[in-house]
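Notes for the one structure printed next.
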Amino acid sequence: MLKVNAINVSYGKVEIIKQVSFEVNQGEVVVIIGANGAGKTTIMKTVTGLLKPTQGEIMFEGQTISRTPAEKIVKLGLAMCPEGRQVFPQHTVYENLVLGGYLIRKDKQMFLKNIEQMYSLFPILKERSKQFAGTLSGGEQQMLAIARAMMSNPKLLLLDEPSAGLAPIYVKGIFDMIRKLSEQGTTILLVEQMANMALKIANRAYVLETGRIALGGTAEEIMNDPKVVESYLGAK
Ligand code: ATP
């Protein structure tokens, strides 16, 4: 579904991403794990078209998207939930979901179906539908941010550090949510520092170290790799 082939990405003259290749197949959950500053967000921004690679190619469903503007990439079915649960705090939960569904706004039936689906998957959002998003807990806001991204029926959902800044009790809830979305048929690419939890729900994983892919394999292989255990799973 998504194929990233030997991309380099720079900020000005500083090359951050070097010869990175990875792929996500239909139905998979793939995680890229990496420490702070390894370049995870930069990769997500490049896949969604906010940054352009200086070298290499990105293919989505057989089509090159390396030079495609971000708004067109969204329309191809690639939705991103950015780091830091950027919900609209002064809008209600329902209004946030409406904004997430702008691509399908003309199809009233689909729109209502998607809202109902999000409410049934995540009942807390239904309970809080009339509340301002800013009044939700951190975990609930993250849940809303993911549900909002799901409103446009993405074929591939990109999640940038969904656990960032959340208390441990909410982190489990978020990973349960990601697992549910996957079971419902959404293909998911996520980047995470929380390697432990992410590897438990992933099919395959890559390890990103200072802008390069150091390792790739099934989630089980990566989980049992002695180097990964030492560097990323210490607190297991
Ligand atoms: P984190 O876990 O902190 O979000 P990350 O793995 O997502 O880290 P990136 O945000 O992709 O890492 O950053 C990778 C590197 O690129 C870092 O060294 C960072 O300082 C640098 N960087 C990020 N954004 C910019 C920018 N706009 N201009 C210059 N350098 C940047």
Side-chain angles (χ1 to χ4, degrees), residues 2 4-24 29-58 65-67 69-71 73-74 78-87 138-139 141-143 145-146 149 156-168 170-172 174-175 178 188-202 204-217 219 222-223 225 227-236:
L2 177 74
V4 173
N5 190 13
I7 57 164
N8 288 5
V9 187
S10 306
Y11 291 111
K13 288 195 176 132
V14 189
E15 194 162 82
I16 300 290
I17 298 300
K18 300 156 197 139
Q19 293 294 300
V20 162
S21 299
F22 64 91
E23 59 185 32
V24 183
V29 177
V30 173
V31 59
I32 299 177
I33 56 179
N36 236 328
K40 302 181 298 297
T41 299
T42 304
I43 289 180
M44 292 305 226
K45 285 186 173 166
T46 310
V47 171
T48 49
L50 297 170
L51 294 170
K52 300 296 169 198
T54 53
Q55 270 186 49
E57 195 178 28
I58 305 173
I65 56 164
S66 324
R67 309 261 142 240
E71 63 273 19
I73 293 180
V74 179
L78 219 149
M80 156 122 126
C81 183
E83 188 176 354
R85 43 183 192 275
Q86 297 166 19
V87 295
Q141 287 187 27
Q142 182 60 270
M143 199 174 274
I146 297 174
L156 175 62
L157 177 66
L158 304 185
L159 299 171
D160 190 355
E161 298 212 32
S163 74
L166 294 184
Y170 292 122
V171 173
K172 186 173 178 307
I174 290 300
F175 278 100
I178 299 169
I188 296 170
L189 170 64
L190 81 148
V191 299
E192 260 299 343
Q193 289 190 53
M194 280 267 185
N196 244 328
M197 290 274 209
L199 286 171
K200 275 187 199 143
I201 62 161
R204 289 189 306 108
Y206 296 89
V207 177
L208 185 72
E209 277 176 1
T210 52
R212 290 181 192 277
I213 299 284
L215 211 59
I222 299 293
M223 217 184 291
D225 184 279
K227 220 176 124 228
V228 174
V229 172
E230 190 191 322
S231 309
Y232 301 96
L233 302 174
K236 201 168 167 178

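Both counts, for ligands and for their atoms, begin at 1 and track the order of listing. Nothing fancy with the numbering, it's 1 onward along the sequence.
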Treating [X] as the side-chain partner and [Y] as the backbone partner, does any N or O pair qualify as donor plus acceptor under 3.5 Å?
| X | Y | value |
| --- | --- | --- |
| Lys40 | Gly34 | yes |
| Arg67 | Gly49 | no |
| Lys200 | Ala219 | no |

Query raised in the report: Can you tell which part of Ala35 has a heavy atom less than 4.0 Å from ligand 1: side chain, backbone, both or neither?
Result: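 For Ala35, only backbone atoms sit under 4.0 Å from ligand 1.
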Query raised in the report: Heavy-atom contacts under 4.0 Å between Ile16 and ligand 1: side chain, backbone, both, or neither?
Result: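 Under 4.0 Å from ligand 1, Ile16 contributes side-chain atoms alone.
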**Report entry** Exercise check, heavy-atom protein proximity under 4.0 Å to atom 19 (C) of ligand 1
**Finding:**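 It does not: no protein heavy atom is found less than 4.0 Å away from atom 19 (C) of ligand 1.
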Closest non-hydrogen atom pair, [X] against [Y]:
| X | Y | answer |
| --- | --- | --- |
| Cys81 | Leu159 | CB-CD2, 3.6 Å |
| Ala79 | Ala149 | CB-O, 3.7 Å |
| Leu166 | Gly139 | CD2-N, 3.6 Å |
| Leu208 | Ile32 | CB-CG2, 3.8 Å |

Looking at [atom], what's its closest protein heavy atom, distance included?
| atom | value |
| --- | --- |
| atom 9 (P) of ligand 1 | Thr42 OG1, 3.6 Å |
| atom 10 (O) of ligand 1 | Thr41 CB, 3.6 Å |
| atom 12 (O) of ligand 1 | Gly39 N, 3.2 Å |
| atom 17 (C) of ligand 1 | Gly37 O, 3.8 Å |
| atom 23 (C) of ligand 1 | Tyr11 CE1, 3.4 Å |

Under 4.0 Å from any heavy atom of [X], which atoms of ligand 1 are there?
| X | value |
| --- | --- |
| Lys40 | 2 (O), 5 (P), 6 (O), 7 (O), 8 (O), 11 (O), 12 (O) |
| Gln193 | 2 (O) |
| Asn36 | 1 (P), 2 (O), 3 (O), 8 (O) |

Query raised in the report: Evaluating non-hydrogen atoms only, which member of Glu161, Glu83, Glu192 is closest to atom 2 (O) of ligand 1?
Result: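 Residue with the shortest heavy-atom distance to the ligand atom: Glu161.
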Query raised in the report: Would the number of heavy atoms belonging to other residues, nucleotides or ligands and lying under 6.0 Å from NZ of Lys18 be above 12?
Result: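 Enclosed: over 12 neighbouring heavy atoms sit under 6.0 Å from NZ of Lys18.
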Requested in this report: Could you tell me whether ligand 1 has any atom less than 4.0 Å away from a heavy atom of Gly34?
Outcome: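 Per 4.0 Å heavy-atom rule, Gly34 does not contact ligand 1.
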Query raised in the report: Judged by non-hydrogen atoms, does Met44 sit under 4.0 Å from ligand 1?
Result: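 No, Met44 has no heavy atoms under 4.0 Å from ligand 1.
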Query raised in the report: How many angstroms lie between CD1 in Ile73 and CE in Met80, if you round to the nearest 0.5 Å?
Result: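 Interatomic distance, Ile73 CD1 to Met80 CE, rounded to 0.5 Å: 11.0 Å.
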